[in-house]
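By convention in this document, chain letters (A, B, ...) are assigned in the order of the sequence lines, proteins followed by strands, and residues within each chain are numbered from 1. Both backbone and side-chain heavy atoms feed into the values below; hydrogens, waters and symmetry mates do not.
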Amino acid sequence: MVTPINELAKHVGETVTLQGWLYARTDKGKLVFMQVRDGTGIAQCVVFKRDVDEQTFDSALHLSQESSLVVEGEVRSDQRAPGIPGGYELSVKALQIVQRAEEYPIGPKEHGVDFLMDNRHLWIRSSRQWAVLRVRTTVMRAIRGWLDEHGYVEVSTPILTPSAAEGTTNLFEVNYFDDKAYLAQTGQLYNEANIFAFGKVYCFGPTFRAEKSKTRRHLTEFWMVEPEVAFCDLDQLLEIEELFVSYIVQKAVQENANELKYLGRDLNKLTVISPPYPRITYDDAVAKIKEIQAHTTDPEQKSLLDITWGMDFGAPHETALTQLYEKPVFVTGFPSAVKAFYMEPYPGRAEVCKSADLLAPEGYGEIIGGSERISDPDLLLTRINEQHLPESAYKWYIDLRKYGSVPHSGFGLGVERTVAWICGIEHIREASPYPRLLNRLYP
RNA sequence: UCCUCGAUAGCUCAAUUGGCAGAGCAACCGGCUGUUAACCGGUAGGUUACUGGUUCGAGUCCAGUUCGAGGAGCCA
């Protein structure tokens, strides 16, 4: 019977079959220790010379890293056994080699980033990458799970979008027959159309940004989920967001405890993630950042924290601010000038808008950007003209405000940033199976 | 686009003031009944990123180029 490694604990004393790959091997005299991966975990398989015939022992002794194999043996509980989850090992009775692997480039020692990225197709086999990507799949499942359970309808939005509205410098241009098209950087405008058909909707897929960003939190292709809700104001939106994010985090803690432990993640920092999250206005955030700056002694850091009212936050500002909280923090009411044209202004204070960014703790930055959208057609038109956007491109979007307009709100959550935060990893590139970066399109 | 740093064996790195190209890991051979990135002995492994310059002599110094890393900017 083929048994997955993550279920070995249920089969102590039984003889089982594992099929997988040789992750690592070491030997000591009449013993060979094989670490075998099967996709669900890593288990130690011990070959003892007296238990097997000479040929089996010899092939175990010389088996190369990443060779594919089928191994049969008795499951034993042993505290010494390493692995994921570990604690159980196989006493090998039989070993079948499916393919003897050529010399494998990624060894058990440390490697440089460039080398690993060139070998991303192999690197994903390494435990650390495997663990992160397992968390990623849980996060993606939790995203769909929560939204589906709460009555959201997944309506796909186009990835090929028409000629552009505003500056196309940060969009990827593609040939579209005799015309030009652009890879979508958001599905939001379409979401806003979709709510009038379905009430609560979301789109979930890859988005593309041609920005020349070269930081630990930017990819040129990343996954984003964007829920949009009719009859919803900003306050209601924030309640949705904190329930949603908390659910995702707790799912990962429940389903990927082994993976997170392997990554060395402090689970206490995740279990505390539950509603409500602190809310702070942009005005107060600027004041707090100035306060932090006043207490900063390092001159370089001090100058990075420079801010005046009206500026958008940079990475150093976000990091400094989030270090004040153990939960994600909402920053509301950004200056309208630094936000998108479609955000609803605050009544009586048009210079700020009903926007909210959700900043993850521990310096992971913005994981959600959201807002209440302008519902009045005249105001929307005014804003479009103020920003010198081509009115014709937005005809259909303005239409939405003419036929039964309602207050509505939505947000976008970046999958890779969320995964990076949950896993506690340094760089967002490890949160994507095949990350696309400024200088990286291979493999 | 800017700032800083880097490129030497398959990988990670060392090489003193400019003076014989080195080690660990991986590979291969041998030893060991509990290894956890084992340990011990042995074998093999080099266009020092590229182009040019200085010099009796360049991995090392100079100029340019390419590629990469960290940070900033950018991120409706």
Side-chain angles (χ1 to χ4, degrees), chain A residues 23-35 42 44-51 57 61-62 64-66 76 78-84 86-87 89 91 101-119 122-123 126-127 164-171 185-186 188-189 207-220 222 300-301 303-306 311-319 334 336-343 353 355 357 365-366 369 371 383-384 386-389 393-394 412 414 417 426-427 429 437-440 442:
Chain A
Y23 188 59
R25 175 180 54 73
T26 184
D27 56 87
K28 191 171 195 310
K30 298 184 172 63
L31 287 170
V32 179
F33 299 96
M34 301 190 299
Q35 312 301 323
I42 297 179
Q44 175 158 276
C45 299
V46 185
V47 188
F48 179 34
K49 195 164 190 172
R50 279 213 310 255
D51 289 347
F57 186 78
L61 196 57
H62 296 286
S64 52
Q65 187 186 355
E66 288 302 319
R76 259 197 330 239
D78 191 322
Q79 283 313 303
R80 295 172 297 185
I84 302 174
E89 64 182 23
S91 298
E102 292 179 26
E103 188 180 339
Y104 190 65
I106 301 178
K109 295 273 178 171
E110 56 193 41
H111 297 283
V113 172
D114 191 36
F115 172 78
L116 290 169
M117 289 295 284
D118 280 341
N119 288 284
L122 304 176
W123 190 22
S126 300
S127 299
E166 39 205 296
T168 53
T169 51
N170 49 1
L171 296 176
Q185 58 177 345
T186 173
Q188 183 208 311
L189 303 191
T207 52
F208 306 88
R209 305 271 167 102
E211 291 143 15
K212 304 213 168 182
S213 301
K214 193 170 174 289
T215 80
R216 70 181 63 180
R217 39 183 121 174
H218 286 88
L219 298 169
T220 55
F222 64 97
E300 193 187 338
Q301 184 64 20
S303 91
L304 284 173
L305 285 174
D306 272 342
M311 280 168 61
D312 201 0
F313 292 165
H317 306 119
E318 290 181 356
T319 302
F334 273 83
S336 304
V338 301
K339 288 292 181 185
F341 70 91
Y342 49 71
M343 294 190 183
C353 60
S355 68
D357 286 357
E366 179 185 344
S371 69
R383 296 285 287 136
I384 286 171
E386 274 172 10
Q387 308 229 347
H388 309 293
L389 302 173
Y394 289 98
R417 283 190 185 177
E426 275 296 304
H427 201 297
R429 64 183 161 227
L437 300 147
L438 184 53
N439 297 318
R440 170 76 52 185
Y442 174 94

Taking a pair as Watson-Crick or G-U wobble with both distances under 3.5 Å, which nucleotide is matched to [N]?
N     : value
B:A21 : none
B:A37 : none
B:U16 : none
B:C2  : B:G71
B:A26 : none

Rounded to whole angstroms, how far apart are [atom1] on [X] and [atom2] on [N]?
X        : N     : atom1 : atom2 : value
A:Lys212 : B:G68 : NZ    : P     : 13 Å
A:Arg217 : B:G71 : CZ    : C1'   : 11 Å
A:Lys49  : B:G34 : NZ    : P     : 15 Å
A:Asp27  : B:C32 : CG    : P     : 10 Å
A:Asp78  : B:U36 : CG    : P     : 14 Å
A:Leu438 : B:G68 : CG    : P     : 9 Å
A:Arg429 : B:G71 : CZ    : P     : 9 Å
A:Ile106 : B:C11 : CD1   : C1'   : 10 Å

Reckon [X] has a side-chain N or O less than 4.0 Å from the OP1 or OP2 of [N]?
X        : N     : answer
A:Lys28  : B:G34 : yes
A:Lys30  : B:U33 : yes
A:His427 : B:A69 : no

Please work out if [X] contacts a base, only the sugar-phosphate, or nothing of the nucleic acid, heavy-atom cut-off 4.0 Å.
X        : value
A:His218 : base
A:Gly29  : base
A:Thr186 : base
A:Glu102 : nothing
A:Ala315 : sugar-phosphate
A:Arg80  : base
A:Phe115 : sugar-phosphate
A:Gly83  : nothing

Taking atom [atom1] in both [N] and [M], compute the distance separating them and give it to the nearest angstrom.
N     : M     : atom1 : value
B:G64 : B:A21 : C1'   : 27 Å
B:C25 : B:U43 : C1'   : 16 Å
B:C62 : B:C67 : P     : 22 Å
B:G52 : B:A15 : C1'   : 25 Å
B:A49 : B:U60 : C1'   : 16 Å
B:U4  : B:A76 : C1'   : 31 Å
B:G46 : B:G22 : P     : 13 Å
B:C50 : B:C28 : C1'   : 33 Å

Judged by atom type as modelled, is there a donor-acceptor pair below 3.5 Å linking the side chain of [X] to the main-chain atoms of [Y]?
X        : Y        : value
A:Arg417 : A:Arg217 : yes
A:Arg25  : A:Leu61  : yes
A:His218 : A:Leu437 : no
A:Gln35  : A:Thr26  : no

Which one, [options], comes nearest to the side chain of [X]?
X        : options             : result
A:Asn439 : B:U35, B:C25, B:G68 : B:G68
A:Thr26  : B:A38, B:A37, B:G34 : B:A38
A:His62  : B:A76, B:G34, B:G30 : B:G30
A:Glu110 : B:G34, B:A37, B:A72 : B:A37
A:Pro82  : B:A72, B:A69, B:U36 : B:U36
A:Gln35  : B:U35, B:U12, B:G34 : B:U35

Any donor-acceptor N/O pair under 3.5 Å between [N] base and [X] side chain:
X        : N     : value
A:Gln79  : B:G34 : no
A:Lys214 : B:G70 : yes
A:Asp114 : B:C67 : no
A:Gln44  : B:U36 : no
A:Ser213 : B:C74 : yes

#### Entry: Lys/Arg N to Asp/Glu carboxylate O, A:Lys49 vs A:Asp27, below 4.0 Å
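No salt bridge links A:Lys49 with A:Asp27.
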
#### Entry: Check against ring-ring contact (aromatic ring centres under 6.0 Å, His included), A:Tyr342 and A:Tyr394
CA-CA 11 Å; A:Tyr342 49 71; A:Tyr394 289 98; 9.3 Å; no

### Message
Reading RNA chain B from 5' onward, which residue's closest nucleotide shows up sooner: A:Pro105 or A:Arg50?
### Response
A:Pro105

### Task
Using heavy atoms to find the nearest nucleotide of RNA chain B for A:Phe48 and A:Arg25 separately, return the residue whose nucleotide is more 5′.
A:Arg25

### Task
For the pair A:Asp51 and A:Lys30, evaluate salt bridge (charged side-chain N to carboxylate O under 4.0 Å, His left out) and give the outcome as yes or no after the intermediate values.
CA-CA 10 Å; A:Asp51 289 347; A:Lys30 298 184 172 63; over 6 Å; no

### Query
Only one of A:Gln44, A:Met34, A:Glu66 clears side-chain contact (heavy atoms from CB on, under 4.5 Å) with A:Tyr23; which?
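It is A:Glu66; the other options fail the test.
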
### Neighbour count above 12 (heavy atom, 6.0 Å) for A:Glu386 CD
yes

